[in-house]
There are 2 protein chains.
Amino acid sequence: MTVKNNLPLALRAAYLALHRRTEARFAQHDVTADQFVLLATLARGDALTQRELGQRMSSDPSTVRAMLVLLERRGLIQRESHPTDARARTVSLTPAGRRKFRQLWKAGNSIRETMFGALPPDEAAALVRNLTKIAETLNQGCVPVRGPIALHSTEVA
Amino acid sequence: MTVKNNLPLALRAAYLALHRRTEARFAQHDVTADQFVLLATLARGDALTQRELGQRMSSDPSTVRAMLVLLERRGLIQRESHPTDARARTVSLTPAGRRKFRQLWKAGNSIRETMFGALPPDEAAALVRNLTKIAETLNQGCVPVRGPIALHSTEVA
DNA sequence: TATTGTTATACTCTATAACTATA
DNA sequence: TATAGTTATAGAGTATAACAATA
């Protein structure tokens, strides 16, 4: 079926267009699109462990570390030892990081509006719902399922 | 609005899930997900120039070249001088490349089915349509459009 | 002059495996 | 034994700029 066969490439084309546009927009702020995602993830749930952070932005622990090293060097994030687990380190935005994120969020607004505006108003919600469903389904059995992560989670579900 | 704000990350999560799953599936065939896209693009339109190829898979010319060098070394694609334009080179699949692509297409089928199956049947077509629309909209004014259209594009200094 | 492709270069993200130190 | 993080290492994709050959 055509729709089935076109779905993967259509998804890729849409994401790549978003990624490139975001990259271009944030270049003058010296932040990559993925670094923005990391900052945004921290802005929503501060004091995550590196592992939690990686899971929420679907990145490898060593990838996350590489990104954190870059951002820490620039004073946008900070890492502290976890209060109850000496193995872990909690990651949070510095005041400068928080400022930077607010800038970026503002700078990215027109992109979000462009995307949203391209859609029929009554179909946007279904799009987000279906994208989320696809992500969930594709991750089943692929992502290393871990135990009760929520034990360390500071965020209330 | 929540839908507007969640759209970019939902798109990213869905694509990354697809990308990782595809990467894992094709690893045993020694082909990356992006290399598969290149092969698929060639399978649909053989004898493209490198530039055309790059445009169709939305990749930079130098990126395309890097990928082609890898694939040429493995005998999956071949480059020949363009019949009428001595500057250009046409790219096409070798017989081995064609065989490889058929294998990959088959190997990827369950992923396409998983994605498609996760959607309400009456919403799949709209999803593809809206993803395509998003890609088109976001690429406007960002991608260097070539050919006749470029004549009207005076906005780039 | 504009365009196709190459080259050199650099950087981010990605990922695996071996390692430490804790749990 | 299992987990959090680090380190070393490697590779793919990305992108820019300077360049040659050709249109």
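As a basis for the values below, the full set of heavy atoms in this structure was taken, side chains included, without hydrogen atoms, waters or symmetry mates. Sequence lines set the chain letters: A, B, ... in the order given, protein chains first and strands last, and positions in each chain run from 1.
- Residue A:Arg20 places its side chain closer to D:dA15 than to any other of D:dT22, D:dA15, C:dA21.
- Using a 4.0 Å heavy-atom distance criterion, A:Asp60 is classed as a base contact.
- Atom CZ in A:Phe26 sits roughly 17 Å away from atom C1' in C:dC13 (whole-Å rounding).
- To the nearest angstrom, C1' of D:dT3 lies 13 Å from CD of A:Glu52.
- With distances taken from any side-chain atom of A:Met67 to the nucleotides D:dT22, D:dA4, C:dC13, the minimum falls on C:dC13.
- In this entry the distance linking CD of A:Glu72 with P of D:dT6 reads 9 Å, nearest Å.
- Checked by distance alone, B:Arg65 brings no side-chain donor or acceptor within 3.5 Å of a matching partner on the base of C:dT6.
- Backbone-only engagement by A:Thr32 is indicated by non-hydrogen atom pairs under 4.0 Å involving sugar-phosphate atoms exclusively.
- Comparing B:Ala66 and A:Ala88, the nucleotide of DNA chain D nearest to each residue sits closer to the 5' end for A:Ala88.
- Between A:Asp34 atom CG and D:dA15 atom P the separation is 12 Å, expressed in whole Å.
- By the 4.5 Å heavy-atom criterion applied to side chains, A:Gln35 and A:Val31 are counted as neighbours.
- In this structure, NE2 of A:His82 is placed 11 Å from P of C:dA23, rounded to the nearest angstrom.
- Among the nucleotides C:dT16, D:dT6, C:dC13, the one closest to the side chain of A:Arg79 is D:dT6.
- Counting any heavy atom pair closer than 4.0 Å across all strands shown, A:Glu23 reaches no nucleic acid atom.
- Considering only side-chain N and O atoms, B:Arg51 lies under 4.0 angstrom from the phosphate OP1 or OP2 of C:dT4.
- Other residues, nucleotides and ligands contribute over 12 non-hydrogen atoms within 6.0 Å of the NZ atom of B:Lys4.
- One hydrophobic cluster, built from ILVMFWY side chains closer than 4.5 Å, holds both B:Ile111 and B:Tyr15.
- Regarding A:Arg87, its CZ atom lies at a distance of 6 Å from the P atom of D:dA4, rounded to whole Å.
- Counting only N and O atoms by type, the side chains of B:Ser92 and B:Arg79 include no donor and acceptor under 3.5 Å apart.
- A:Leu68 has its CG atom 13 Å from the C1' atom of C:dC13, to the nearest Å.
- A donor-acceptor contact under 3.5 Å is not formed by the side chain of B:Ser59 with the base of D:dT14.
- Under 3.5 Å, the side chains of A:Arg21 and A:Thr114 contain no donor-acceptor pair of N or O atoms.
- The nearest heavy atom of DNA chain D to A:Arg12 and to A:Gln50 marks one nucleotide each, and the one closer to the 5' end goes with A:Gln50.
- Proximity note for A:Leu70 (side chain, C-beta onward) versus C:dT12, C:dA2, C:dT14: the nearest is C:dT12.
- For the residue pair B:Asp34/B:Thr32, the side-chain donor-acceptor check at 3.5 Å is not satisfied.
- In this structure, the nucleotide among D:dT22, D:dT6, C:dG5 sitting nearest to the side chain of B:Arg89 is C:dG5.
- Taking atom CG on B:Leu38 and atom P on D:dG13, their separation rounds to 9 Å, with Å as the unit.
- No hydrogens or angles were tested; on distance alone, a donor-acceptor pair under 3.5 Å links the side chain of A:Ser62 to the base of C:dA15.
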